[in-house]
There are 2 protein chains.
Amino acid sequence: MKVTRGEIVAAAREQFREKGYAGASMQDLADRIGLKKASLYMRFSNKEALVPEVLEVLLQETLSQAEAGTSGAPWQITYEKALRAIAGNLAERKRCVGLHLAYGVSDETPAAKEAVRNFFQTLREHLIALLSPVMSSDRAALVASDALARIEGATLLVAVFDDKAAMERAVQASRRDADAAVQKAR
Amino acid sequence: MKVTRGEIVAAAREQFREKGYAGASMQDLADRIGLKKASLYMRFSNKEALVPEVLEVLLQETLSQAEAGTSGAPWQITYEKALRAIAGNLAERKRCVGLHLAYGVSDETPAAKEAVRNFFQTLREHLIALLSPVMSSDRAALVASDALARIEGATLLVAVFDDKAAMERAVQASRRDADAAVQKAR
DNA sequence: TCAAAATACTACCGATCGGTCGTTTGTAAA
DNA sequence: TTTACAAACGACCGATCGGTAGTATTTTGA
């Protein structure tokens, strides 16, 4: 007895990753964690309520990976580590939870939609904060946005062609972009 | 009377774009084109069968836009036009059909999965063909793949933040990447 | 002109969807 | 040992899912 909230969220994360928001079912999720559907609804009032918590866990995991042991390191190292944290599980698991949810939520699920927006906004701001010390904040915003797009886009090649090298290239290229932006600003 | 196959495919394309594979329903699709569901099944034997035709239309549309009036133009112009054709409807419509389908299909829909693969492979090969005259085919493959990833990734920013400028930056940056690859090879 | 082929219809199928009902079980404080 | 409450349960809801059987209507070609 007693399935933890964390276990539910972790399983929901896998379901969303594999099947997207529409494709994931509460019955399936309940089965995976060894609960009956009615019991699952005890813990989460509806399907949409899973989304913010899944993204919150994913965000914390990503940010903690990004910040692990980077104190005092030069900005290039810290930035690349952050990119790699975002790229993280994407290449292994073949699909990106965030992107799958970004496409899956709509105006019919406003809470989920806002959660997705906050998730990516926080990621973006994290990257911007790493770049701001070495370039103007306007430029940092563009470089960070493009890095995010590049990494998320690489998940397409991973998903469709199993091309994991594309993800590594996206990380490296994004780091070089940041370097170039610093050079140009001088 | 008599709804054309093209009208069905066009409507299916919109549904897949907006709701993804799992989220789109045959009943909804039938309603939009003014048919009863059973009549829709007369024309397409199942939901999965819609996918290859939707992608085929999208592919032809993209390639014809890419090739329109580019005979004799320098490769940079032709390449950028192709990138812009791919980027095309993405920015307006907020979501990319190809990417939404790429994430939505699974091993349970093998025909659809293969169609998605073929779609992106053909797009990629088209870009590679444009770059091959001016760089090694290995390098062309990498540059083209990264351009595709970049543009598809930009759809995330368009979808989540309504950041259409990100798409334009992705196109411009991809063209510059190709230029740089040519310079480096000399 | 007339029959066959194509197209569309009504009506229905079993399965599953998200979600809720009333009830029982386990656990921990009083 | 009683009490109280979260957690889990079986059974069920109306709606919708993808898909099909049988029939009517339109288009077409000989």
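In what follows, chains are A, B, ... by sequence order, proteins preceding strands, each numbered from 1. Note: hydrogens, waters and symmetry copies are ignored here, and every other heavy atom, side chains too, is used. Everything quoted here is computed from the prediction, not taken from an experiment.
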Using the salt bridge (Lys or Arg N to Asp or Glu O under 4.0 Å) rule, take B/E18 and B/R93 through it: C-alpha gap first, then chi angles, then the decisive distance, then the call. CA-CA 9 Å; B/E18 289 167 22; B/R93 316 275 195 140; over 6 Å; no
Between B/F161 and A/F120 (judged by ring centroids, cut-off 6.0 Å), do the two rings come close enough to count as a pair? no
Under 6.0 Å between the ring centres of A/Y103 and B/Y103? no
Using a cut-off of less than 4.0 Å, is there contact between a side-chain N or O of [X] and OP1 or OP2 of [N]?
X: B/S39; N: C/dT7; value: no
X: B/S25; N: D/dT16; value: no
X: A/R43; N: D/dA8; value: yes
X: B/Y41; N: D/dG19; value: yes

Figure out the [atom1]/[atom2] separation between [X] and [N], and round it to whole Å.
X: A/F44; N: D/dA6; atom1: CZ; atom2: C1'; value: 15 Å
X: B/Q27; N: C/dC9; atom1: CD; atom2: C1'; value: 13 Å
X: A/L35; N: C/dT25; atom1: CG; atom2: P; value: 17 Å
X: A/D28; N: C/dG19; atom1: CG; atom2: C1'; value: 16 Å
X: A/M42; N: D/dA7; atom1: CE; atom2: C1'; value: 5 Å
X: B/M26; N: C/dA8; atom1: CE; atom2: C1'; value: 15 Å
X: B/I33; N: C/dT7; atom1: CD1; atom2: P; value: 13 Å
X: B/I8; N: C/dT7; atom1: CD1; atom2: C1'; value: 11 Å

Take B/R124 and B/Q121 through the test side chain to side chain donor-acceptor pair (under 3.5 Å) and record every step on the way to the result. CA-CA 5 Å; B/R124 181 157 75 161; B/Q121 180 62 17; 3.3 Å; yes
Could you check which of C/dG18, D/dA21, D/dG10 has an atom nearest any side-chain atom of A/K37? C/dG18
Candidates C/dT10, D/dC9, C/dA8 - which lies nearest the side chain of B/K36: C/dT10
Does CD belonging to B/Q60 count more than 12 external heavy atoms closer than 6.0 Å? yes
Ignoring hydrogens and angles, answer whether the base of D/dG19 and the side-chain atoms of B/K47 contain a donor-acceptor pair closer than 3.5 Å. no
